[in-house]
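Predicted model, so just to flag it, every value in this text is computed and none were measured.
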Amino acid sequence: MRSNDSRPMLYWIVLAAIVWGIVASLSHAFADAKSAPVDIRFASVDMNRIQTEYKLVQQYRDQMQAETNQQQQLLQVMTDNPFLSEQDQKTLATLLQKANTPAGLTPAEKQQEQQLLDQSKKANDDYQRLSQSQNLSPQDKQTLDNYLNLEKATEARINLLKQQFQQDMQNKLDAAMAQLTKNIRDAIATVAKDKGYALVLDNSVAPYAQADCTDDVLKILNK
């Protein structure tokens with residue numbers, strides 16, 4: 001079985017960039033400005049802090065990281081144990097994941113895990129023996145063909161799972177980005193309206209704004 005070095009992308013990393021460039025524009029301030037001279041006020045917001053201190057961002061990151069780790073575990077088990085059935089590969093991956101939790105495995109689960117590992121090793125050793133043999137009987141040739149078919153089937157499942165996982169994670173990322181962006185925009189707009197700011201800009205764009213409203217925005221986001 002060929003080793004596959006490519007790993008699923010950690011899509012949640014992109015979440016760190018979704019809030020850049022958000023601008024809250026309050027039309028009522030400009031409407032008032034048409035009727036009477038006003039002091040147009042603007043503020044800045046620290047998007048780095050929003051990214052790191054907004055709790056929902058971290059929740060999305062943790063969730064996507066956990067799903068990525070689980071998927072990587074399954075793909076690694078499939079790669080290392082190509083001659084197990086699809087169901088046995090999934091069972092072994094689940095057992096290995098549980099073994100790394102505080103609860104660990106029950107005695108029965110440990111026995112099941114070892115049986116699957118032994119079964120996989122026996123099949124792999126048999127495959128190596130047959131693939132290196134010069135004179136195979138018809139029965140041995142059939143056995144070797146069966147192993148090759150299992151290997152190809154596993155490789156096909158790995159490729160399919162990667163595609164499905166990447167699409168699923170992209171869909172989740174898109175939904176998370178839309179929700180986070182809306183929440184942040186709404187929070188900025190609320191603060192701007194309450195404080196009377198005509199504009200709220202990223203502090204990298206407006207480092208000399210009259211005020212920094214990051215704390216106020218975070219209070220709304222994390223309440």
Side-chain angles (χ1 to χ4, degrees), residues 1-18 57-178:
M1 184 72 179
R2 291 192 302 270
S3 175
N4 199 313
D5 294 331
S6 61
R7 298 179 180 179
M9 295 178 62
L10 301 182
Y11 287 102
W12 55 266
I13 295 177
V14 184
L15 292 175
I18 68 171
V57 171
Q58 188 60 52
Q59 289 175 16
Y60 279 132
R61 285 176 177 163
D62 292 345
Q63 177 183 346
M64 292 183 183
Q65 183 64 70
E67 292 182 23
T68 298
N69 291 343
Q70 184 176 359
Q71 181 72 1
Q72 288 178 334
Q73 178 77 74
L74 175 58
L75 293 176
Q76 190 63 53
V77 166
M78 294 173 71
T79 300
D80 294 342
N81 304 274
F83 305 123
L84 292 180
S85 68
E86 180 178 6
Q87 184 56 54
D88 284 345
Q89 288 169 343
K90 290 180 179 179
T91 299
L92 182 56
T94 299
L95 291 171
L96 291 173
Q97 289 164 10
K98 186 179 179 184
N100 292 324
T101 64
L105 298 176
T106 66
E109 288 171 334
K110 289 181 180 179
Q111 182 178 7
Q112 184 182 22
E113 176 191 29
Q114 191 58 53
Q115 287 175 344
L116 290 172
L117 290 172
D118 290 345
Q119 177 183 338
S120 177
K121 184 179 184 307
K122 180 179 179 181
N124 187 66
D125 290 345
D126 194 34
Y127 167 75
Q128 295 296 330
R129 177 184 65 81
L130 293 173
S131 63
Q132 294 171 11
S133 178
Q134 299 297 321
N135 299 307
L136 294 176
S137 67
Q139 182 177 356
D140 285 341
K141 288 181 179 180
Q142 183 60 54
T143 301
L144 181 58
D145 285 343
N146 291 339
Y147 283 133
L148 292 173
N149 289 334
L150 287 171
E151 184 180 47
K152 290 179 181 178
T154 293
E155 191 167 347
R157 287 200 301 276
I158 288 175
N159 292 331
L160 179 60
L161 281 173
K162 281 185 175 182
Q163 294 174 8
Q164 292 175 338
F165 180 72
Q166 289 179 357
Q167 185 60 56
D168 180 56
M169 292 300 285
Q170 185 62 55
N171 292 340
K172 291 180 178 180
L173 176 61
D174 291 343
M177 289 172 64

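- Partners of Glu109 by side chain to side chain contact (heavy atoms under 4.5 Å, CB included), not counting sequence neighbours, listed by chain and number: Leu95, Lys98, Leu105, Thr106.
- Looking at Gln89, its side chain does come within 3.5 Å of a backbone N or O of Asn81 through a donor-acceptor pair.
- A 6.0 Å sphere centred on CD of Gln70 holds no more than 12 heavy atoms belonging to other residues, nucleotides or ligands.
- Inter-residue side-chain proximity for Gln142 and Gln139 is flagged as unmet; no heavy-atom pair is nearer than 4.5 Å.
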Trace of the salt bridge (charged side-chain N to carboxylate O under 4.0 Å, His left out) decision for Lys122 with Asp126: CA-CA 6 Å; Lys122 180 179 179 181; Asp126 194 34; over 6 Å; no

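- Remark: Met78 CE to Glu155 CD distance equals 10.5 Å, nearest 0.5 Å.
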Pair Asn159-Gln163, side-chain hydrogen bond (donor to acceptor under 3.5 Å, both in side chains): steps then yes or no: CA-CA 6 Å; Asn159 292 331; Gln163 294 174 8; over 6 Å; no

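- Ser131 and Leu144 get closest at one heavy-atom pair: N-CD1, 4.1 Å.
- Residue Gln71 holds its CD atom at 14.5 Å from CE of Met64, rounded to the nearest 0.5 Å.
- A 4.5 Å side-chain heavy-atom check between Leu75 and Gln72 finds every atom pair outside the cut-off.
- With contacts defined as side-chain heavy-atom distances shorter than 4.5 Å, the pair Glu67/Gln63 qualifies.
- Between Leu96 and Asn100, the shortest heavy-atom contact is O-ND2, 3.3 Å.
- The distance from the CG atom of Asn171 to the CD atom of Gln166 is 12.0 Å, given to the nearest 0.5 Å.
- Residues Gln73 and Asn69 have side chains that never bring a donor and an acceptor to within less than 3.5 angstrom of each other.
- When each of Leu161, Thr154, Leu160 is paired with Ile158, the side chain to side chain contact (heavy atoms under 4.5 Å, CB included) condition holds for Thr154 and for no other.
- Side-chain contact check for Gln164 and Asp168: no donor-acceptor pair (N or O, by modelled atom type) lies under 3.5 Å.
- Across every non-hydrogen atom of Gln112 and Thr91, the tightest pair is NE2-CG2, 3.6 Å.
- We find the CZ-OG1 distance between Arg129 and Thr143 to be 8.0 Å, quoted to the nearest 0.5 Å.
- With contacts defined as side-chain heavy-atom distances shorter than 4.5 Å, the pair Glu86/Lys90 qualifies.
- From Tyr60, atom OH reaches atom CE of Met177 across 12.0 Å, with rounding to the nearest 0.5 Å.
- Aromatic ring pairs are classed by plane angle as parallel below 30°, tilted from 30° to 60° and perpendicular above 60°; the pair Tyr127 and Phe83 is tilted.
- A distance of 9.0 Å separates OG1 of Thr79 from CG of Leu74, quoted to the nearest 0.5 Å.
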